[in-house]
Amino acid sequence: MISRRAFLRTTAGSAACLAARAQDSDSRIEVLAAEPIGVIAPEIYSHFVEHLGGVVYDGIWVGEKSAIPNVGGLRKALVDALALTKPGAIRWPGGCYADQYDWRDGIGPRAQRPRRTNFWVDSPEWPKNARRDGPQAYEPNQMGTVDFARFCRAAGAQPYFAANLRSLPAQEFWRWVEYCNSPAGSTTLAAQRATDGSPDPLNVRYWGVGNESWGCGGNFTPEDYATEFRRYTAWVPGYGARLHLVGSGPNVGDLNWTRGFFNKAGGSLNNMWGWALHHYSWNASAGRTTDWTAGKRDALRFDAEQYYEILHEANLMESLITSHWGVMGEVDRRHRVKLVVDEWGAWYAPGTEPFPEALLGQQSTMRDAVLSGLTLDTFQRHADKVAMANAAQLVNCLHALFFAHEDKFCVTPTYHVFAMYAAHQGAQSLRTLISAPQVSYPRNGQTAILPGLAGSASMNGKRLTLTVTNQSLDTAREGEIVIRGAAMQTANLVTLAADDVHAHNTFESPRAVEPKAQSVAARNGVLVHRFPPASVTKLEMVLA
Ligand code: AHR
C-alpha cells in the first residue's frame, strides 16, 4: 500500500499544501494570536547605498541624458521595482564613505560639482581589472542630497543620512540638517536647496552620527565616541522634523563598545533614538580561520558545509540582538533607545561581481534568499527591540536586491524575499512556537546543528502573515500549522525555492529564481504544508 507521505509526493508535487490531518507531519507551527510582541516597524525593510563601486553610478544614477529609461537621472527600472517592496528607509552615503563625504560637494549646479577620490579605490578589495577612470573610481557628485532624497521619495522610502564625524566639524552636521529641513525661504541654505530642485524641506528624520566609529569612522574608544556624539548632537535643530539620531554602535558582538558608550553617554542618551549594530555573514571556513579575507568563500561555488556555515553566521543575529539589548538596558532601563541593524547580509570572496567596477559586488543565490528570510524573521521576533534594519547593499554590491549595468537590469532572489515579506510591515508581531527536527551537518570533522524550520508571524486586522524558512539543504519538512486563539479559513501561499540551491538570476536569465503562488484551504482550523529544502515560504490567512 502506498504510504500517505509517498502519496503526497507523487500527487501534489514538491510544494504540496494540504488541508488535512497531518498524520506524518514532523513539524508543528503554532501562532499565539493573543501574545503580541510589538509592531513590526516598516523600517525593518530598509536599505543601504554607499558610493563604493557600482552602487550609485550605473546602479542607481544613470544621468538625465542617458538613453537608459530614467526619472530625472535615476534608473527607472530600479525605482519601480524597489517601490513594489515598500522600502522603509535608505541609508546613504555610507558606510565608511560617509566619514569622508562632504555634503557640500553634492549641492549646486551639477556641472560645477567637484570630482573627488573614492575612498574605496585604494582599498585592497578594489578589483585589479576594474577601470580607474570611471565614476566608480571617483566621486563626481552627480547624485547629491536633493537627488538622493528624490530617489527615496520615488521609491516610497525615507532618507536616512549618515553624517561625517571623522573629518567634518560638528557645525557641518547641523548645517546639513539646515540645508535639508529648514522651511522654504527661511535660510540661505533653504534657498540653495530650492535652486537644487527642492523648495520644500526634505524633512529628513533619520540621521546617523558617524559610521563604525570604532574603525574606519575614526578609531575611537567608546568613551571618546560618546563625547563626540554629545558634541555633535547637542542642540541640533530639526526644523519641524523630529530628529531620530542613530549612534554608531558595535562591530558584531563587541559588548564593550556598547557598554562603554552607554556608561559614558548617560544623559545624552536622551538625544539618541537608535543604536546601530553591524553584522555580516562572511566566515564560511567552519572554524579553520578567523581571518577576514581567508575566511570568505565563493558566492556561487559552495558546498554543504559552506552553505550551512553562512546560515549559522546569519543565525547569530538573534543572540547579537538580545546581548546588546541587555547591555543597553543596564543604563537605559526603560529601553528608550532601539536597535538599528543598519548593515547586514552575506559577504563573500571577490570573483562574482556583475561587472569589474562593482567593488564588493557578488552573486546572490537561493542561499542568500534563505539568509534574508531567516534574518527578517529574526528582526520580527524582536519587533520590540529592532526599529530599523538595512540590508547591505541595495544594488551591485554584497547582499544586493538588484544588478544593474548599462541597459541591463535584474532582481536577485533576495529581492523576492523582501517583496514577499512586505506584508508584515506595520503588523503586530506574534509569538510563534516552531518545533521541527534540527538540521545537523558535518563541520570540520565534528557535527554542528541549525534550526530546521524558523519563522515569524504577524497580524494586521484579520490578516495573519506567517513566514518560514527551511534551512535544510536536502530535507523537506511537513508542518502542521495552527493559530491558537483564532480560526483559520483560507490561506494564500507563496514559495521561493529552486531545484538547486546555487540557482540565481543573471542579466541573461533574470527569472531563474522567482516565487510561485497557490491558494489553499484549512480543514478544522489546521493547515498542513510541506516546506521544500532551502526554501522561503509565506502564508497569508484571513482569520474568522
Ligand atoms: O558595506 C561595506 C562596508 O562595510 C561599509 O562601508 C562599512 O560600514 C562596513 O564595514
Side-chain angles (χ1 to χ4, degrees), residues 46-57 59-60 89-101 116-127 130 136-137 139 148 160-167 206-220 225 246-254 257 274-283 290-293 295-296 299 313-314 317 320 340-350 352-353 357-362 364 368 371-372 375 388-402 412 414:
S46 291
H47 302 282
F48 174 35
V49 162
E50 176 165 15
H51 178 52
L52 199 158
V55 185
V56 173
Y57 300 103
I60 298 169
I90 311 178
R91 178 174 182 245
W92 173 83
C96 293
Y97 187 72
D99 278 298
Q100 116 158 19
Y101 181 68
R116 304 281 185 211
T117 311
N118 181 353
F119 161 94
W120 287 98
V121 80
D122 283 331
S123 91
E125 314 221 34
W126 185 255
Q136 293 88 6
E139 165 57 286
F148 185 76
Y160 167 21
F161 290 157
N164 180 342
L165 179 120
R166 169 166 57 77
S167 57
Y206 299 113
W207 293 88
V209 185
N211 168 74
E212 297 193 349
S213 300
W214 40 263
C216 63
N219 288 324
F220 290 102
Y225 173 65
V246 180
S248 170
N251 182 20
V252 201
D254 184 0
W257 179 266
W275 182 236
L277 162 68
H278 290 181
H279 171 53
Y280 288 98
S281 303
W282 61 275
N283 193 339
T290 54
D291 182 87
W292 175 248
T293 303
K296 297 206 189 85
E313 295 253 301
M317 188 65 84
L320 290 173
V340 171
V341 187
D342 60 15
E343 291 187 29
W344 69 267
W347 191 327
Y348 301 114
T352 62
E353 300 81 8
E357 289 75 25
L359 174 65
L360 305 187
Q362 60 190 25
S364 170
D368 301 290
L371 188 155
S372 303
T375 303
M388 187 193 284
N390 307 64
Q393 303 193 9
L394 187 68
V395 48
N396 293 334
C397 187
L398 299 179
H399 202 78
L401 275 72
F402 306 105
T412 67
T414 288

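Note that ligands are numbered from 1 as they come in the structure, with each ligand's atoms numbered from 1 the same way. Owing to the predicted nature of the structure, the values given are computational and were not obtained by experimental measurement.
- Less than 4.0 angstrom separates some heavy atom of N211 from each of these atoms of ligand 1: 8 (O).
- Close contacts of ligand 1 with F48, meaning ligand atoms under 4.0 Å from a residue heavy atom, involve 1 (O).
- Protein heavy atom closest to atom 1 (O) of ligand 1, with residue, atom name and distance, is Y280 OH, 2.8 Å.
- Between W347 and Y280, the ring planes lie perpendicular to each other; the angle is over 60°, past the 30° to 60° tilted range.
- The closest approach between Y97 and ligand 1 stays at or above 4.0 Å for every heavy atom of the residue.
- For an aromatic pair to be called close, the ring centres must be under 6.0 Å apart, and W92 with Y101 satisfies this.
- Near W347, with a cut-off below 4.0 Å to any heavy atom, the atoms of ligand 1 are 2 (C), 4 (O).
- Ring geometry for H51 versus Y97: interplanar angle over 60°, hence perpendicular rather than tilted (30 to 60°).
- Checked by atom type, the side-chain pair Y348/D368 shows a donor-acceptor distance below 3.5 Å.
- Counting all heavy atoms, side chain and backbone alike, H399 lies closest to S372 at NE2-OG, 2.8 Å.
- Close contacts of ligand 1 with C96, meaning ligand atoms under 4.0 Å from a residue heavy atom, involve 5 (C), 6 (O), 7 (C), 8 (O).
- Of the protein's non-hydrogen atoms, the one nearest atom 7 (C) of ligand 1 is E343 OE1, 3.4 Å.
- Across every non-hydrogen atom of T290 and W282, the tightest pair is O-CH2, 3.4 Å.
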Decide yes or no on side-chain contact (heavy atoms from CB on, under 4.5 Å) for F48 and C397, but give the supporting numbers first.
CA-CA 10 Å; F48 174 35; C397 187; over 6 Å; no
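- Counting only heavy atoms of the protein, atom 2 (C) of ligand 1 lies nearest to Q393 NE2, 3.6 Å.
- Between N251 and H278, the side chains place no donor N or O within less than 3.5 Å of an acceptor N or O (distance only, hydrogens not considered).
- Of the protein's non-hydrogen atoms, the one nearest atom 6 (O) of ligand 1 is E50 OE1, 2.7 Å.
- Neither the backbone nor the side chain of W344 comes within 4.0 Å of ligand 1, counting heavy atoms alone.
- Against a heavy-atom cut-off of under 4.0 Å, E212 is close to the following atoms of ligand 1: 7 (C), 8 (O), 9 (C), 10 (O).
- Note on ligand 1: W120 sits in its first shell, one or more heavy atoms being nearer than 4.0 Å.
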